[in-house]
Amino acid sequence: MLGRLTGDNVYDRGLMANLINLESVNKSFGVKPLLDSVSLGVQEGERIGVVGMNGGGKTTLLEVLTGVEEPDTGRVSRVGGLRMAVVTQRGVLPEEATVGDVVLAGLAEDAMTDGVAEHEWASNPRIRSVVEGIGIADLGMEAKVANLSGGERRRVALAAALVRDLDLLVLDEPTNHLDVEGVQWLAAHLLARRSALVVVTHDRWFLDTVATRTWEVQGGKVETYEGGYNDWIFARAERVRQADATEQRRQNLARKELAWLRRGAPARTSKPKYRIEAAETLIADVPPPRDSVALASFARKRLGRVVIELENVTLATPDDRELVKDLTWRLAPGERVGLVGVNGSGKTTLLRALAGDNQVKSGKRIQGQTVKIGWLRQELDDLPLGMRVLEAVQDVAMRTMLGDKEISAGQLAERLGFSPAKQRTPVGDLSGGERRRLQLTRILMSEPNVLLLDEPTNDLDIDTLQQLEDLLDGWAGTMVVISHDRYLIERICDTTWALFGDGKLTNLPGGIEEYLRKRAASSTNGKGGPAAAPTAVSSGSGATDAAAHRAARKELSKLERTVQKLDERESTLHAALAEAATTPDKLIALGTELKQVQAEKEAAEERWLELAENV
């Protein structure tokens, strides 16, 4: 797992020099102040993550820092000879240039030459690593910029910045058009650099891995916090805990997110031990994000036994390139699946097949009679542009049920970031991120019992992501999610499946970490698919019999309940041991019982993993 640089790999804060300083900076667009008397600085070697609501001023802050925009008032000073690269969402590339021209232009500028010969950059391992890691090699260095998609252009601009030796990198949402593997590569690359970094990102794993400091842009002000996402969430939860009672719902969300972070894999945090203990106290009464057993039971009542089944299905591209071959996959009631894979492996095509929108090349698709699909596509072409936000939501339904609670269209819209005032905005005037939120709101209002989400985090800020996850925590139904956001997959999904480009769908009991290990192994072995033969769902003699499949899933659910009970008993015993510190006989008895509980828990987890590999 990636961690923060320590020891000799970071600058001593006392010896750092300021690269950029903002003093009492103000910046407004229209009547709205985005930056209000902001004073802060960027020092050598710092890696700063910038977070905040969409439209709150994050991009404006970056542009004022770097000189793209001038402040209305205040002063911005930069150290002399500062070597800096800026990659924002508003960047424009020359249409007539090639990919190679753009990527290597900065190198030529740094070397004060007319260009960089191919043999010069191709022999440089650092440049080759960037070209391959960002996926530029797949495009071809001779490809014309005019023929690239928006996501491909963003990757080219990012590569052009990363190949250079700089004092400061300023990046705006660099992970938006990268897959899980690309995000991990970018994090590792940035950790290995000596340059300072300022990055706007909604990718919480990336923020937690890379950032040594976090800036929160809110209400024209910029609050600063030590550490990454985990530390920021703790500080936010503590701050809200002390706030007025009207902020109770926001407090609960922050505490719930903190609880999930602390109960998962060992949290990456720079806080000393007493702060970690304070975090544990803060979340002591926060329940797990969801009751999987209760939700699965409710889902079975809504869906019945058959949800969506693909039998002996082969999927292909329009030019007849096979993506998945002889696939048999049965989605169960209440199943929550995260789907990952390399670009071009067929993730979206598979989702379209589940939705019934893509004609399979061979095989058949079966859909249960009670199934109602909610499908979030990457395109934004299904919104009524002539309506206002609230009208567009009410056009689907006036009220809806979320779990066991009924809420109105306006209440759901507000939970997903549309204030009462914003709900009167024409849909045509919304930004890309706002339209994405409106898509989600309309889908949830339709009360689907099967959700198919294709990159739901694109253009969503962290606050909206937390609200979405909180909604999905209590949502009872079957869910399949494609996302490069590791936190989202790990938070809302129970199982992870992958397409490695080998024509099979592979179950990953170890989740995203297992996916990355298999990808790394396949790259080392020079193969297109995973190095070790993984568990895959396919047709033929190896296809799982429907009855056996249901029995296995039933045992899995039972094992999950068993592990949960043993986990609770283990916590109780630890507490009892602490109380019995001065009673030797009681300590021995409790210690014996604890060892037995831990052994039973380990056996149950091993059996769960064994079953999960074959379901």
Side-chain angles (χ1 to χ4, degrees), residues 248-250 252-253 256 289-292 294-304 307-308 331 333-337 351 354-356 367-377 380 382-427 430 433-454 456-457 460 463-481 488 491-493:
Q248 186 66 39
R249 186 165 63 86
R250 184 181 174 99
N252 289 339
L253 276 178
K256 187 174 184 179
R290 61 181 178 274
D291 185 340
S292 299
L295 289 178
S297 175
F298 187 45
R300 283 193 291 273
K301 294 177 184 177
R302 295 180 70 195
L303 284 162
V307 184
I308 300 174
L331 291 176
E335 193 169 11
R336 303 166 77 101
V337 177
L351 207 66
L354 289 172
Q367 179 174 314
Q369 293 183 354
T370 60
V371 167
K372 184 176 182 181
I373 295 174
W375 181 22
L376 180 71
R377 299 179 295 167
L380 294 169
D382 58 347
L383 296 175
L385 301 182
M387 294 184 179
R388 297 183 184 275
V389 169
L390 184 57
E391 294 170 343
V393 180
Q394 292 175 335
D395 184 52
V396 178
M398 298 298 292
R399 305 189 72 81
T400 188
M401 293 296 296
L402 278 177
D404 58 354
K405 295 181 180 179
E406 185 181 62
I407 63 174
S408 68
Q411 287 172 323
L412 181 59
E414 190 168 358
R415 287 192 68 177
L416 284 172
F418 293 105
S419 66
K422 195 69 175 181
Q423 291 176 24
R424 297 192 291 271
T425 304
V427 174
L430 298 179
E434 290 168 333
R435 293 188 186 193
R436 193 69 167 163
R437 278 189 273 143
L438 181 57
Q439 267 188 324
L440 278 165
T441 308
R442 281 165 54 88
I443 287 170
L444 292 172
M445 281 301 296
S446 68
E447 292 191 4
N449 50 26
V450 175
L451 271 180
L452 305 176
L453 306 178
D454 195 353
T457 66
L460 298 185
D463 277 344
T464 305
L465 281 174
Q466 289 179 349
Q467 292 282 3
L468 173 62
E469 288 168 347
D470 188 54
L471 286 170
L472 295 178
D473 282 340
W475 184 80
T478 298
M479 184 191 309
V480 181
V481 183
L488 183 84
R491 168 69 184 269
I492 69 173
C493 298

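On a predicted model such as this, the values are computed, not experimentally measured, just so you know.
- Residues L451 and L472 have side chains in contact (heavy-atom distance under 4.5 Å, counting atoms from C-beta outward).
- In this view, L376 and R436, Q439, L440, I443, L453, P456 satisfy the side-chain contact (heavy atoms from CB on, under 4.5 Å) rule, not counting sequence neighbours.
- Put simply, CG on L351 and CG on D454 are 5.5 Å apart, with the number rounded to the nearest 0.5 Å.
- Taking the side-chain hydrogen bond (donor to acceptor under 3.5 Å, both in side chains) definition, one finds that S446 meets it with nothing, sequence neighbours left out.
- At distances below 3.5 Å, not a single donor-acceptor pair connects side-chain atoms of R336 with backbone N or O atoms of M479.
- Between A409 and V393 the shortest heavy-atom distance is CB-CG1, 3.6 Å.
- Atom CG of L354 is separated from atom CD1 of I308 by 5.5 Å, given to the nearest 0.5 angstrom.
- By the 4.5 Å heavy-atom criterion applied to side chains, L412 and L471 are counted as neighbours.
- Atom-to-atom distance recorded for T400:OG1 and Q411:CD is 11.5 Å, nearest 0.5 angstrom.
- Of all the heavy atoms in A413 and Q423, the pair that sits closest is CB-NE2, 3.9 Å.
- Listed by chain and residue number, nothing satisfies the side-chain hydrogen bond (donor to acceptor under 3.5 Å, both in side chains) test with R424 (two or more places apart in sequence, or in another chain).
- Separating the CG atom in L390 from the CG atom in D395 is a distance of 11.0 Å, to the nearest 0.5 Å.
- Closest approach of R491 and E469 over heavy atoms only: NH1-OE1, 3.6 Å.
- Nearest approach of K372 to E447, heavy atoms of both residues: CD-O, 3.8 Å.
- V396 places none of its side-chain heavy atoms less than 4.5 Å from the side chain of L444.
- Judged by distance alone, the side chain of R442 and the main-chain N or O of A392 form a donor-acceptor pair under 3.5 Å.
- The backbone N or O of L383 sits nowhere less than 3.5 Å from a side-chain atom of R435 that would complete a donor-acceptor pair.
- Atom-to-atom distance recorded for R437:CZ and L465:CG is 10.5 Å, nearest 0.5 angstrom.
- Put simply, the side chain of S408 never gets that close to the backbone of R399: no donor and acceptor are under 3.5 Å apart.
- Distance CZ/F418 to CG/L438: 5.0 Å, rounded to 0.5 Å.
- For E434, the side-chain hydrogen bond (donor to acceptor under 3.5 Å, both in side chains) partners two or more places apart in sequence, or in a different chain, are K422, S431.
- In this structure T464 satisfies the side-chain hydrogen bond (donor to acceptor under 3.5 Å, both in side chains) test together with D461, sequence neighbours excluded.
- For the pair N449/V371, a side-chain contact is recorded, criterion being any heavy-atom separation below 4.5 Å from C-beta on.
- For R388, the side-chain contact (heavy atoms from CB on, under 4.5 Å) partners two or more places apart in sequence, or in a different chain, are E391, P426.
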